[in-house]
Amino acid sequence: MIAVALVMMVQENMISSWIAVIIIGREIVITALRMVATEQGIALAADRYGKIKMVLQVAAIIAILLNNVPFSLLTDIRVDVALLWVATGVTLLSGMNYIIVNYKLLR
């Protein structure tokens with residue numbers, strides 16, 4: 001669902017394509033890692049950083065689709081853009097953390 005929303009927003013020029021590539025790319029890498037783990041009989045659970053990442057991504061997508069409303073009624077700050085930047089950063093960090101922590105399990 002996140003990937004579909006991101007692709008649609010890129011198509012509508014609502015976000016930069018490189019942000020969608022980072023977020024979707026992370027999901028592909030983590031899914032591949034989980035598939036390898038499953039083949040080895042290991043179940044990799046989501047961690048708290050992945051859950052935080054998801055909440056931030058959903059909040060950013062909603063804010064962007066609403067064109068920064070209701071935040072624009074309160075401030076001139078583009079909260080939707082700020083949320084997207086934070087979500088992208090947390091996406092990168094959570095992906096790296098997930099790989100580092102679980103790579104040891106898969107050795």
Side-chain angles (χ1 to χ4, degrees):
M1 295 297 257
I2 296 293
V4 171
L6 292 171
V7 169
M8 184 222 42
M9 289 189 299
V10 168
Q11 184 177 352
E12 296 296 321
N13 294 314
M14 299 170 86
I15 65 169
S16 297
S17 59
W18 65 269
I19 292 174
V21 168
I22 288 173
I23 294 172
I24 294 168
R26 184 253 189 221
E27 298 308 318
I28 291 169
V29 168
I30 299 306
T31 299
L33 183 64
R34 284 186 173 155
M35 289 173 65
V36 169
T38 300
E39 289 175 0
Q40 296 180 13
I42 301 170
L44 299 181
D47 63 8
R48 65 180 167 170
Y49 301 112
K51 293 175 183 179
I52 293 168
K53 168 212 57 106
M54 180 59 139
V55 169
L56 287 169
Q57 287 176 356
V58 170
I61 288 169
I62 291 170
I64 291 166
L65 290 175
L66 292 175
N67 197 26
N68 204 41
V69 174
F71 305 112
S72 61
L73 302 173
L74 305 171
T75 181
D76 290 333
I77 298 171
R78 292 298 309 228
V79 175
D80 56 347
V81 173
L83 280 170
L84 186 61
W85 277 91
V86 171
T88 303
V90 171
T91 296
L92 283 171
L93 293 174
S94 71
M96 289 187 298
N97 180 66
Y98 197 84
I99 290 167
I100 290 167
V101 167
N102 291 303
Y103 179 75
K104 296 172 186 173
L105 294 172
L106 296 173
R107 278 182 145 191

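Reckoned from all heavy atoms, side chains included, excluding hydrogens, waters and symmetry mates.
- Residue Phe71 shares its hydrophobic cluster (ILVMFWY side chains chained together at separations under 4.5 Å) with Ile52, Leu56, Ile77, Val79, Leu83, Val86, Val90.
- Hydrophobic cluster membership is shared by Met54 and Met9, with clusters built from Ile, Leu, Val, Met, Phe, Trp and Tyr side chains linked at under 4.5 angstrom.
- Residues Ile23 and Gln57 are in side-chain contact: their nearest non-hydrogen atoms beyond the backbone lie under 4.5 Å apart.
- The cluster map of Ile, Leu, Val, Met, Phe, Trp and Tyr, joined by side-chain heavy atoms under 4.5 Å apart, puts Val69 and Ile64 in different clusters.
- Linking Ile, Leu, Val, Met, Phe, Trp and Tyr residues whenever their side-chain heavy atoms come within less than 4.5 Å places Val29 and Tyr98 in a single cluster.
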Determine whether Ile61 and Met8 satisfy the following criterion, side-chain contact (heavy atoms from CB on, under 4.5 Å), listing intermediate values before the conclusion.
CA-CA 11 Å; Ile61 288 169; Met8 184 222 42; over 6 Å; no
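- Remark: Leu74 CG to Asn68 CG distance equals 9.5 Å, nearest 0.5 Å.
- The ring pair (Phe, Tyr, Trp, His ring centres under 6.0 Å) analysis of residues 11-54, with sequence neighbours excluded, yields the pairs Trp18-Trp85.
- Val21 and Val4 sit in two unconnected hydrophobic clusters of ILVMFWY residues. Membership requires side-chain heavy atoms under 4.5 Å apart, directly or through other members.
- Looking at Leu84 and Met14, their side chains never come closer than 4.5 Å, going by heavy atoms from C-beta outward.
- A distance of 7.5 Å separates OG1 of Thr88 from CD1 of Ile15, quoted to the nearest 0.5 Å.
- The heavy-atom pair separating Gly50 from Arg26 by the smallest distance is CA-NH2, 4.2 Å.
- Taking hydrophobic clusters as Ile, Leu, Val, Met, Phe, Trp and Tyr residues chained together by side-chain heavy-atom distances below 4.5 Å, Ile30 shares a cluster with Ile42.
- Two residues are said to be in side-chain contact when any heavy atoms from C-beta on lie closer than 4.5 Å; Val10 and Leu6 fail this criterion.
- Residue pairs satisfying the side chain to side chain donor-acceptor pair (under 3.5 Å) criterion with at least one member in residues 72-84, sequence neighbours excluded, are listed as follows: Arg78-Asp80.
- A donor-acceptor pair under 3.5 Å is absent between the side-chain atoms of Asn97 and the main chain of Leu93, judged by distance alone.
- Residues Arg34 and Asn102 are not in side-chain contact: their nearest non-hydrogen atoms beyond the backbone lie 4.5 Å or more apart.
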